[in-house]
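Below you'll find the structure, written out as structure tokens, and then a few comments.
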Amino acid sequence: MHETGPYPGAPRCPSEAELRELRASEFWHGPDLEDEARQKWDALLHRTDLDAEEFTEEFFGVLGEYPGALRVLDQFRAARQDGLRGPGTQAPPDVRPDGVTVPPLGDISVGDVEPAPDQDPVTEPDTDRFLNLAVVWPLSRRTVPADRVLAAGRTYELRVDIGRLADESLLARQARPFPDGLLGHTDDDGRGDWLEVTVLSDDFVLPAARHSVFLPRTGHSWVCPCPPREHAPHTCEPVHRGDHLYIPFTAPDEPGPARLRLLVSYRGNQLQSVSLTTRVGPHESPDGDTTASVDYTLTAGYAQVAALPARTAAVRVGRPVGGTMTIDVLAQDGPVSSFWLTEHQVRGALQRVRDVLFGLHAVHHEDDSLENLIDENNAKTPDAAHDDLAKLAHQGAELFLLLARSRPEREALRRVLRAPAAIQICQQELGNVTFPWSLLYDIPLDNRGDLERCAAGWAEVHRDDTARSCPEESRHGLNTLCPFGFWGYRHFIEQPPSAPPGRRLPLWAGRDGEAPTLTVARSLTIDQELMDNHLTVLRGHFLHGGVHDCNCSDTLRKALIDATGACVYFYGHGRRPDPLAEPPSTTVLEIGQGERITPRDLAAWADSSPWRQGDEVAPVVFLNGCHTLDTDPASWLTFVEAFSAFSAAGVVGTEIMIEQGMANEIGERFWERLLAGEAVGPALHRVRMTMLRKNNLLGLAYTAYCSAELRLRNVS
């Protein structure tokens, strides 16, 4: 191992400067830092072939892979910040015209926040920071009391900041700490982070803009005239900075309840969101009731947002409240749409599109038998594919209208997502409605006549199985039928599940130093010949790590407790619950000769066993439930949550029931791509394209609940 320094040259970036300091500190040899992480960081410090951006990426790659490295870095930062706050470590503060002192730009700044009478802002203790929100009158900017009715047609302002919890904040009663510990601290030469604030509403009139706030490492946020650029230092002076962000909004002309949503994000990754509800009357009056609450935070699912790539667009799905669910769509340059839908509206539309998707490959007869519409090669004819694509496109267009109801929203969404993109779906915890994002179709369709086949799009499908756009996209007019009109063929869509507090969003699956192993939980009540052939293929794929076959619940429980595999594969029936013994609205997985496994079983195994071993493995779980009788994938969500609770890196499931032969091919191709080193997003996309080349659209039936960047360790 290298000795501390000398290093090849000056630090290339703030991350390298920080890592050098960590390398020279007592924290470097502490027991929390994994040996592998220490070795990788030590080697990184002595590499001369990386520029600043590449060094930063490698640095955060270690943070994303080793939990101990993240803990040690946090401990080191806390100790260093305590030292920086001491007397004599800072240059003399500047003095604003109003007499408030602020630290100089060259040091870690706490913004231009007025200190308490008995406390110096430089020595303020490092405590939790909170998102503060208030409604104020313009000009005076005095707080509008929460019990005041807002006047119809009148303009007010939202006052926003992040820092010490303010008594007048509408969020004070149920405050949740802002997840500032997840940030990279790479902006302004490492002194803090640029955050984006977006406000969306169907009721209020709002500026269509995303607002920027700078959050220093310690203290309160500020706003300033500097453009928000990564790594670039501030050019403003402390006197140019404001304590609060003020966002104007105009109350609707019609009296009644009105709602808005405020979201805070970091490079496209959503951090926290707030719902605000108030009353609007003909004029201002008492007896109002303005309330706000933090209803979503990424703390539960992420612990190092800086390690994640930027996202082109983000979609946040809120838990239904009073029978209503919320969907917010944001892009990097501003909001796109925000709306409320009843669960009944959503379920009706989703049921129709899933019925059509299922009908593309099978017919369910009255005697409960299935007629397979796909040949033995899991293929269809080109004419059949055109008809299938048309049926699904009409339903996908309905979903698109559900997502963006007005023409400006649709135009904005098409503009933002015209090119292939990475879309992050954040579903609030305990939500029980899923949305088939891959099936959205955004080329305008009406209900008249046949759709015009896009020859260029189909040619691109057969030319390149990694293609994600049509070469003649600019010529797509009304009623054009092109495969790349579907989001699932054009975008990488990630739906990471919630995770226990303090866990990162996993980007790697498997135990370091071990070849991936497949643990198969299989049913013995399905076609044995197809099953045996399938396992033979899988054993060929997992040649180095092997396949661990489980055909009873006890064997599976032991395998999961021992954390034997980087990959867990449920292959077989999905059953409806027994109404006398099992919870309703969930799928029951069958293993062996009719044994049933429920999410409660997994929870009990986790509670009574040393599941923390799973943190070292973080497996990918594939629920390839052929012959399931469920058509609503919400039934899978309890399994997604159950596996997430025992450190699964991600879960892949189906939107509909899948015929066994086709489930075999899709499963084999998916595992093959992961073992070839591809991430889940590209791997699932290539599976879809391979099936589409066979004129088969059923690749769209699979959804991944994980990061699109998730990969297997130690692949050959």
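In this chain, numbering begins with 1 at the start of the sequence shown.
The closest donor-acceptor contact from the side chain of Glu34 to the backbone of Gly68 lies under 3.5 Å. For the pair Asp465 (side chain) and Thr690 (backbone), a donor-acceptor distance under 3.5 Å is absent. Of the possible donor and acceptor atoms, none in the side chain of Thr525 sits under 3.5 Å from a partner among the backbone N and O of Gln593. Under a 3.5 Å cut-off, the side chain of Lys391 and the backbone N or O of Leu360 do not form any donor-acceptor pair. Not a single donor-acceptor pair under 3.5 Å links the side chain of His541 to the backbone N or O of Glu672. Of the possible donor and acceptor atoms, none in the side chain of Glu494 sits under 3.5 Å from a partner among the backbone N and O of Ala422. Proximity of a side-chain donor or acceptor of Asp512 to a complementary backbone N or O of Arg713 within less than 3.5 Å is not detected. Within the 3.5 Å criterion, the main-chain N or O of Gly661 finds a donor-acceptor partner in the side chain of Glu659.
Of all heavy-atom pairs between Pro177 and Gln272, the closest is O-NE2, 3.4 Å. Contact between Ala69 and Ala37 at its shortest, heavy atoms only, is CB-CB, 4.1 Å. Scanning all heavy atoms of the two residues, the minimum distance from Leu710 to Gly650 falls at CD2-N, 4.2 Å. Between Leu33 and Val72 the shortest heavy-atom distance is N-CG2, 3.7 Å. When all heavy atoms of Ile597 and Trp605 are compared, the closest pair comes out as CD1-CH2, 4.3 Å. Closest approach of Asn714 to Gly513, counting heavy atoms only: ND2-N, 2.9 Å.
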Audit row: Gln495, Trp437, side-chain contact (heavy atoms from CB on, under 4.5 Å) steps and yes/no: CA-CA 10 Å; Gln495 302 189 57; Trp437 301 98; 3.6 Å; yes

Taking it one step at a time, do Thr598 and Asp601 satisfy side chain to side chain donor-acceptor pair (under 3.5 Å)? CA-CA 5 Å; Thr598 68; Asp601 295 322; 3.3 Å; yes

Would Asn664 and Asn378 count as a side-chain contact (heavy atoms from CB on, under 4.5 Å) if you check the C-alpha gap in whole Å, the side-chain angles of each, and the deciding distance to 0.1 Å? CA-CA 10 Å; Asn664 283 5; Asn378 298 318; over 6 Å; no

Check the pair Asn696 / Lys380 against side-chain contact (heavy atoms from CB on, under 4.5 Å), numbers first and verdict last. CA-CA 6 Å; Asn696 184 331; Lys380 279 191 166 185; 5.9 Å; no

Run the side-chain contact (heavy atoms from CB on, under 4.5 Å) test on Leu623 and Val652 for me, step by step, so that the C-alpha distance in whole Å, both residues' side-chain angles and the decisive distance to 0.1 Å come before the verdict. CA-CA 6 Å; Leu623 304 175; Val652 179; over 6 Å; no

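Using a 4.5 Å heavy-atom threshold, the side chains of Asp355 and Phe358 count as separate. Between Val680 and Ser707 there is no side-chain heavy-atom pair separated by less than 4.5 Å. Looking at heavy atoms from C-beta onward, Tyr702 lies in side-chain contact with Leu684 at the 4.5 angstrom threshold. Inter-residue side-chain proximity for Phe570 and Leu556 is flagged as met; some heavy-atom pair is nearer than 4.5 Å. For the pair Met689/Thr466, no side-chain contact is recorded, criterion being any heavy-atom separation below 4.5 Å from C-beta on. Taking 4.5 Å as the limit, some side-chain heavy atom of Met691 sits within range of a side-chain heavy atom of Ile666. With contacts defined as side-chain heavy-atom distances shorter than 4.5 Å, the pair Val715/Leu674 does not qualify. Considering only heavy atoms from C-beta on, Cys706 stays 4.5 Å or farther from Val620 through its side chain.
Taking Asp527 as the reference, nothing meets the salt bridge (charged side-chain N to carboxylate O under 4.0 Å, His left out) condition, with sequence neighbours excluded. With sequence neighbours excluded, the residues satisfying ring-ring contact (aromatic ring centres under 6.0 Å, His included) with His534 are Tyr569, Tyr571. In this view, Glu678 and Arg673, Arg686 satisfy the salt bridge (charged side-chain N to carboxylate O under 4.0 Å, His left out) rule, not counting sequence neighbours. When the side chain to side chain contact (heavy atoms under 4.5 Å, CB included) test is applied to Arg711, the partners found at least two apart in sequence or on another chain are Trp508, Ala679, Glu709. The ring-ring contact (aromatic ring centres under 6.0 Å, His included) check on Tyr489 picks up nothing, with sequence neighbours excluded. A search for side chain to side chain contact (heavy atoms under 4.5 Å, CB included) contacts involving Ser438 returns Ile493, Arg688, Leu700, not counting sequence neighbours.
The neighbour count for Gln528 CD, taken as heavy atoms of other residues, nucleotides or ligands under 6.0 Å away, is above 12. Counting non-hydrogen atoms of neighbouring residues, nucleotides and ligands closer than 6.0 angstrom, the CD atom of Glu371 exceeds 12 such neighbours.
Aromatic rings of Phe178 and Phe130 (six-membered ring for Trp) have centroids beyond the 6.0 Å cut-off, not under it.
Taking 4.0 Å as the cut-off between side-chain N and carboxylate O, Asp554 and Arg557 count as a salt-bridged pair.
Note that the CG atom of Leu439 and the CZ atom of Phe400 stand 14.5 Å from one another [nearest 0.5 Å]. Here the CG atom belonging to Asn551 is positioned 5.0 Å from the CG atom belonging to Leu524, to the nearest 0.5 angstrom.
Cation-pi contact between Arg468 and Phe492: present, with separation from the ring centre below 6.0 Å and deviation from the ring axis of at most 45°.
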